[in-house]
Amino acid sequence: MPVKPTLTQSASTKTWIAADGLPVGYPDFLRALVTEFEPRRHGILERRRQVLSAWHMGHPTGYLPESAATRGDWKLTLPSWAQDQRNQITGPADKVKYLLGMCNSSDPGCMPDGEDSISTDWVNVRAAQQNTVSAIKGSLSYTDTETKQVKTLKANDQVIYYRPRGLLLEETHALQGQAISASIFDISMIFYQTVAERKSAALEPAKQRRLCFYIPKNESAEEAAWWSDLIARMETLCGIPVGTTKIMYLIESLPAAYQVEEIIDAARRHVIGLNLGRWDYMASLLHFKFKDPDWILPDRNTIPHDIAFFQNLRVRLVDACHRRGILAIGGMTALFPDRKDHEVNACAALCLAADKKNEAILGFDGAWTGHPDQHEGAISQFPAPNQLHVTHPQAPKHLDLVPSPTGIGRVSLAGTQDAVRTVIEYRYGVLAGLGARLIKGYDHKGALIGGFMEDLATDRIYRTMLAQRLYHATMTQEGTKITLSALSKVFDAELAKILKEHDKDADAATVKERYVQARMSAEKMTDPQGFLQS
């Protein structure tokens, strides 16, 4: 288990002192990376702001001019151990029991998450890192509190990808008095503690499969190059051949969707695949199209999985990845099975099958799941270990990536209520130290569908959706105009329903206080001004 650090600083030398409990030699490694890569990161973040501002001012960016990245028939070589990634199971890396279950699953890929599905305070971040290092080294274990049995890792050929935090976030605990990139801290900590394994993998490439990373929140080829350069620098500092470490990028922002080939080219030393992170992508679409009155997002649970703004990107992603010789991986199905409820279980299975079949038909090589019971349903939809032969030469070169969702789904009061309830429940979980949580989901008539595994991406979608409806004073199909007072009443009503469900809890007073705090936080975060740059 991680040791919470004691932070100290040398008053005489004014040097930054690393947190206690970090590996010997690591602070110097970290400082070298921070010195070299932090200035570039700050420049990248400024360019992100400029791109978003341009969209909000009515000057959208789009596809880049043709370049060496998009011309010709250059192709990368996919390692033999990565040929089959038909299902990648993912979940929070800070919980040993969950991570061990993921690693012991029969899924060909596993993504221990140190980002959206954990609450990123210091203890949880360090637990996620240390658990992942133990998984890589083969020593991860835990003792079942009920049976007292010790659960250990099983030998398998699973590929492990750690997901660090994105470029926007900072870590304030690693070096006292200095806010540094959380991305640099997360990825360098995993890398540094597995140097021996990486040196071995340089000689035996099959061992590379346990040393991979999933890169989140990428918004451009420039950012992809930053990550690839960072990894190359770590490899060089540790005496490892550049390119030994393999990565996959999540395409979960609108600007990145326009630059998929440029991203592959920028990271060609390390990249083996791209993944459509569609929940964050939906939130990004909504953010960039925030001011457009013709681009009002429908209730999330009425949006079909094959809506045009997803389908167009799916076609683009498959075509670009396969022409360049790398994998295209699909997204997560959020509705989870419930072993105690046959009806919910059946609904979840149908939803999963339809979703994955759609991705398989378009040529994806695999997808994500978050529950072991989804393995067979996901794998069965993909006809072969991969579909690298599938491209889409008939598709327009510049597909429309922002088709309007007008006429799709519903904009309803029930959907607004569901969004409000979800953000309150999610924020409650954050206050309890959870980054992902199973939350009840409802259809447009207010009927319970089942449990959805929701993390920060869902919270982003719902908060942005509510803020957009406020900004445009959107009218629901029932005739309710979404105004500040109307939305506040919805928050009142949903909070009251939640509290009624918990009024007999043994710790009802504590629960109520936390829910009230969660409501205040969630409502404040739906202020439209927080989403605008112009």
Side-chain angles (χ1 to χ4, degrees), residues 76-93 98-113 117 131-132 135-138 140 152-163 190 194 197 201 204-215 244-251 270-278 317-318 321-322 325-333 337 349 352-353 355-390:
L76 305 180
T77 301
L78 190 67
S80 59
W81 50 262
Q83 296 285 329
D84 184 353
Q85 288 293 284
R86 281 177 286 179
N87 193 44
Q88 298 175 335
I89 190 168
T90 179
Y98 292 164
L99 181 55
L100 190 65
M102 288 158 52
C103 291
N104 282 344
S105 73
S106 52
D107 295 295
C110 171
M111 191 196 77
D113 187 20
S117 69
N131 291 342
T132 302
I136 291 169
K137 292 178 178 289
L140 186 69
T152 59
L153 280 174
K154 300 174 184 176
N156 59 47
D157 292 328
Q158 190 179 63
V159 182
I160 295 179
Y161 309 83
Y162 184 75
R163 179 165 73 169
I190 300 292
T194 55
E197 288 75 14
E204 299 178 62
K207 294 182 178 180
Q208 294 172 353
R209 63 185 171 80
R210 304 188 74 82
L211 302 167
C212 304
F213 293 101
Y214 243 114
I215 305 302
T244 300
T245 306
K246 301 303 179 183
I247 60 178
M248 299 190 81
Y249 286 98
L250 279 151
I251 302 301
H270 301 102
V271 67
I272 59 171
L274 303 182
N275 176 303
L276 173 53
R278 64 183 176 188
L317 204 66
V318 166
C321 287
H322 290 175
I326 66 172
L327 297 171
I329 303 297
M332 173 80 77
T333 304
L352 178 76
D355 187 14
K356 302 312 168 196
K357 185 175 183 178
N358 171 62
E359 291 177 331
I361 288 172
L362 290 174
F364 276 85
D365 303 295
W368 273 5
T369 57
H371 192 288
D373 289 357
Q374 294 176 317
H375 167 81
E376 185 176 349
I379 289 281
S380 64
Q381 298 303 323
F382 293 93
N386 62 63
Q387 301 192 86
L388 289 167
H389 64 284
V390 176

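Just so it is clear, the values below take in all heavy atoms, side chains as well, and ignore hydrogens, waters and symmetry mates.
Put simply, NE2 on H371 and CE on M332 are 11.5 Å apart, with the number rounded to the nearest 0.5 Å. Atom CG of D107 and atom CD of Q88 lie 9.0 Å apart (nearest 0.5 Å). Taken to the nearest 0.5 Å, the CG atom of D84 stands 9.5 Å off from the CG atom of L327. Considering CG of D157 and CZ of R209, their distance stands at 4.5 Å, rounded to 0.5 Å. With values rounded to the nearest 0.5 angstrom, I160 atom CD1 is found 5.5 Å from C110 atom SG. Distance CG/L153 to CG/L140: 5.0 Å, rounded to 0.5 Å.
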With salt bridge (Lys or Arg N to Asp or Glu O under 4.0 Å) as the criterion, how do K137 and E197 come out once you've worked through the C-alpha distance, each side chain's angles and the decisive distance to 0.1 Å? CA-CA 8 Å; K137 292 178 178 289; E197 288 75 14; 3.2 Å; yes
Mind running side chain to side chain contact (heavy atoms under 4.5 Å, CB included) on R163 and L250 for me, showing each step along the way? CA-CA 10 Å; R163 179 165 73 169; L250 279 151; 3.6 Å; yes
Going through the distances and angles, do F382 and N87 end up as a side chain to side chain contact (heavy atoms under 4.5 Å, CB included)? CA-CA 9 Å; F382 293 93; N87 193 44; over 6 Å; no
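In terms of heavy atoms, N104 sits closest to N156 at CA-ND2, 4.5 Å. Between A135 and C103, the shortest heavy-atom contact is CB-SG, 4.0 Å. T194 approaches I190 most closely through the heavy-atom pair OG1-O, 2.8 Å. When every heavy atom of I326 is checked against every heavy atom of H322, the shortest pair comes out as O-CD2, 3.4 Å. Minimum heavy-atom separation, A201 to L211: CB-CD1, 3.7 Å. Across every non-hydrogen atom of A93 and L99, the tightest pair is O-CD2, 4.0 Å.
Looking only at side-chain heavy atoms (C-beta outward), P337 and L352 stay at 4.5 Å or farther from each other. N275 is not listed as a side-chain neighbour of M111, based on a closest heavy-atom distance of 4.5 Å or more. Counting heavy atoms from C-beta outward, P385 and Q83 have side chains that stay 4.5 Å or more apart. Between I89 and H375 the shortest side-chain heavy-atom distance does not fall below 4.5 Å. Contact of the L276 side chain with the E359 side chain is not registered, since no non-hydrogen atoms from C-beta on lie closer than 4.5 Å.
At a cut-off of 3.5 Å, with distance as the only test, no side-chain donor of Q85 or D365 sits close to an acceptor on the other residue. Side-chain contact of T90 with D113: a donor-acceptor pair under 3.5 Å is absent, judged by distance alone.
Taking a 6.0 Å sphere around OH of Y98, one finds it holds 12 or fewer heavy atoms contributed by other residues, nucleotides or ligands.
Applying the ring pair (Phe, Tyr, Trp, His ring centres under 6.0 Å) rule to Y161 yields the partners Y214; only residues at least two apart in sequence or on another chain are considered. The side chain to side chain donor-acceptor pair (under 3.5 Å) test applied to K246 returns no partner, not counting sequence neighbours.
Between the side chain of W81 and the main chain of V159, no donor-acceptor pair closer than 3.5 Å is present. Without hydrogens or angle criteria, Q381 side chain to A360 main chain gives no donor-acceptor distance under 3.5 Å.
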